[in-house]
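The structure under discussion appears below in the form of structure tokens.
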Amino acid sequence: MSLALSTNATISAASPAPALRIGLIGFGCVGQGLYAILQQVPGLGFEVGRIAVKSPDKPRSLPKEAFSFQADELLHDPALDVLVEVIDDAEEAFRLVSTALRQGRRVVTANKAMVAQHLPELVALQHEYGGTLLYEAAVCGSIPIIRTLDAYFGQEPLRSVSGIFNGSSNYVLTRMGQDGSEYAPALAEAQLKGFAETDPTLDMAAFDPRSKAIILAAHAYGVLLQPDQVLNLGIENVSATDIAYAAIANQKIKVVAGLYLLPDNQLTVLVTPQFVDQSSPLYAVDDEFNGVVIEAEFAGTQFLRGRGAGGHPTGSAVLADLAALRGNFHYAYPKLAAAQLGYTTDLEIEIYLRTDDELILDQLGFTDITEEADEDGYIVGFVPLDALLQHRDRLRQAGAFVARTGNVRPATQPADTLALAEVE
Ligand SMILES: NC(=O)c1ccc[n+]([C@@H]2O[C@H](COP(=O)([O-])OP(=O)(O)OC[C@H]3O[C@@H](n4cnc5c(N)ncnc54)[C@H](O)[C@@H]3O)[C@@H](O)[C@H]2O)c1
Ligand SMILES: N[C@@H](CCO)C(=O)O
């Protein structure tokens, strides 16, 4: 068959390539989301060859014969062209994915905790055995942020990459802010809608967006971080008092992950609640939506917004990876090769802290108090970032709520107070 373009030009339509056979490991929210998309849009060139699940007795939308109960069978099935790993167990996911990569296989995963913990090994396995691992679905659901940073901005210095990287906590904050909902029912809704992790502490205490920030640090800056190097504070202890404090100043509380390039080629990364005002594009990112602001040296500011969680949006990102694999795409990790940046936490950041625990106040060591209100039990001022890192667990256990104002300064030069945006 040929398509006429003009009087003397034609394009020959190649016969369609055989469908890629997928081995799908995990049939929960994301696995079913991908499966539904492939059923709804036939002819995409992908076929679900086999599906592995864990529990034989769980009621499912497909007959029992459709499933294998041993993921390893899929690993060793030569008739499968690509494996999609979407289970909720990071350790087992690493075993499965690393075994597949050792066979030189093509693999897609959505497991950010696994990727963040094992990125150096996963990169090395791809180099050694020639397989490919893609994980766009692991960061910000449907937003194509990893490929944007890796391929599009692979050569350009970035001043910052910041945003809302967790749909569940954003959903809870939106319900509390818009409807006056209590924390617990709002979280139950996020779980019911399939946004939350099996252990929702990962979302609410900001472990999940920390994993995503670590992945982006590798692609945006070529810096490989261990989870413990990055401060993560969440919203488990947020209250109506905190939401009202923000609202009085026409602000919202959002869990913001920030990757900031500081002077002297130092990167810092932190994930905490933050007061966001209407001048920020993140202000209007509500419900389970995520948003990412890229401040690039030459391109200027770019903002991406989209659904950050849920079966269909995440299935869409997995589908995009499958299509990319068919085109032999792989991450180039261009900045990893350059590896020119250091990492620092030697900063003081301005925080709002609400607590009735005198000990934690002493331990954090405020260097400057900006505002204090005894009756509501909050204090605003500068604390060393290292003190927050050291006392993170105690803050959680003590029921304290922390949000940053956005101001930061080098720990050694307390007079130079700057907004992070200005430091960038
Ligand atoms: N839900 C989302 O919106 C979303 C978005 C992006 C990424 N993710 C990630 O995708 C992965 C899956 O998330 P989900 O929401 O679908 O979780 P889920 O809990 O809905 O489903 C996971 C499924 O994996 C199964 N499973 C566990 N171990 C298994 C094994 N060894 N073999 C086969 N099946 C196994 C579980 O029984 C469960 O049914 C997680 O890593 C999650 O962090 C989820
Ligand atoms: N639990 C995650 C899923 C998407 O990664 C979230 O709420 O953002």
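Whatever order the structure lists them in is the order used to number ligands and atoms, beginning at 1. None of the values given here were measured: they were computed from a predicted structure.
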Less than 4.0 angstrom from a charged side-chain N to a carboxylate O is my criterion; do D286 and K254 meet it? yes

Please list, in number order, the atoms of ligand 2 under 4.0 Å from a heavy atom of E197. 1 (N), 2 (C), 3 (C)

Can you list the ligand 2 atoms lying under 4.0 Å from a non-hydrogen atom of K212? 2 (C), 4 (C), 5 (O), 6 (C), 8 (O)

Measuring from non-hydrogen atoms of M114 to any atom of ligand 1, is the shortest distance under 4.0 Å? no

Quick check on the 6.0 Å ring-centre criterion: do Y245 and F275 meet it? yes

Need the ligand 1 atom indices (1-based, order shown) with element for anything under 4.0 Å from a heavy-atom of N111. 41 (O)

Taking 4.0 Å as the limit for heavy-atom contacts, which would you say applies to D203 with ligand 2: side chain only, backbone only, both, or neither? side chain

Quick one: do L75 and L83 satisfy side chain to side chain contact (heavy atoms under 4.5 Å, CB included)? Show the steps, please. CA-CA 8 Å; L75 288 185; L83 295 168; 3.5 Å; yes

N/O to N/O below 3.5 Å, does that happen between S55 and ligand 1? no

State plainly whether the residues D287 and R175 are in salt-bridge range, i.e. N to O under 4.0 Å. yes

Distance under 4.0 Å to a non-hydrogen atom of G310: what atoms of ligand 1 satisfy this? 2 (C), 3 (O)

Counting distance only, does the side-chain N/O of D357 pair as donor-acceptor with the main-chain N or O of A400 below 3.5 Å? no

Residue selection (non-hydrogen contact nearest atom 7 (O) of ligand 2) among A309, A196, S168: S168

Could you list the atoms of ligand 2 found under 4.0 angstrom from a heavy atom of N166? 2 (C), 6 (C), 7 (O), 8 (O)

For ligand 1, is there an N or O atom under 3.5 Å from any N or O atom of G194? yes

salt_bridge(D89, R95) N-O dist < 4.0 Å: no

Any N or O of I87 closer than 3.5 Å to N or O of ligand 1: yes

With a heavy-atom distance limit of 4.0 Å, tell me whether K54 approaches ligand 1 through its side chain, its backbone, both, or neither. both

Check for a donor-acceptor pair, side chain of R21 on one end and backbone N or O of A79 on the other, with a separation under 3.5 Å. yes

Could you say whether the N/O atoms of A71 and ligand 1 ever approach to under 3.5 Å? no

Do any nitrogen or oxygen atoms of G167 lie less than 3.5 angstrom from nitrogen or oxygen atoms of ligand 2? yes

Between R409 and D368, does any NZ, NE, NH1 or NH2 come within less than 4.0 Å of an OD or OE carboxylate oxygen? yes

Is there a side-chain contact between V115 and K112 in this structure, where contact means two heavy atoms from C-beta onward sitting under 4.5 Å apart? no

Could you tell me, atom by atom, which parts of ligand 1 come under 4.0 Å of a heavy atom of T198? 19 (O)

For atom 17 (O) of ligand 1, grab the closest protein heavy atom and report residue, atom and distance to one decimal in Å. D88 CB, 4.2 Å

Test side chain to side chain contact (heavy atoms under 4.5 Å, CB included) on I87 and L96 and set out the steps. CA-CA 10 Å; I87 68 172; L96 294 167; 4.1 Å; yes

E136 side chain to I145 backbone, donor-acceptor under 3.5 Å: yes

Looking at atom 23 (C) of ligand 1, what's its closest protein heavy atom, distance included? G28 N, 4.0 Å

Below the 3.5 angstrom mark, is there an N/O of V30, backbone or side chain, next to an N/O of ligand 1? yes

Are any of the N/O atoms on C29, whether in the backbone or the side chain, positioned under 3.5 angstrom from an N/O atom of ligand 1? yes

Does only the side chain of E288 get under 4.0 Å from ligand 2, or the backbone, or both, or neither? Count heavy atoms. neither

If the plane angle is over 60° it's perpendicular, under 30° parallel, otherwise tilted; pick one for Y135 and Y333. tilted

Are any side-chain N or O atoms of Y343 and backbone N or O atoms of Q229, one a donor and one an acceptor, separated by less than 3.5 Å? yes

Have a look at ligand 1 and work out which part of A309, if any, has a heavy atom under 4.0 Å from it: side chain, backbone, both or neither. both

Any N/O of F195 closer than 3.5 Å to an N/O of ligand 2? yes

May I ask you to list the atoms of ligand 1 that are less than 4.0 angstrom from any heavy atom of V86? 12 (C), 22 (C)

K112: numbered ligand 2 atoms lying under 4.0 Å from its heavy atoms: 2 (C), 3 (C), 4 (C), 5 (O)

Heavy atom under 4.0 Å from ligand 1: found in A137's side chain, backbone, both, or neither? backbone

Could you label the plane-to-plane angle of the F67 and F69 rings as parallel, tilted or perpendicular, counting under 30° as parallel and over 60° as perpendicular? tilted

Output yes when the distance from some N or O of ligand 1 to some N or O of D89 is under 3.5 Å, and no in every other case. no

Polar side chain donor-acceptor pair, T201 to D199, under 3.5 angstrom: yes

In ligand 1, which numbered atoms sit nearer than 4.0 Å to a non-hydrogen atom of E197? 42 (C), 43 (O)

Contacting atoms of ligand 1, where contact means under 4.0 angstrom from a heavy atom of K112: 6 (C), 7 (C), 8 (N), 9 (C), 42 (C), 43 (O)

Carboxylate-amine/guanidinium contact R147 D321, below 4.0 Å: yes

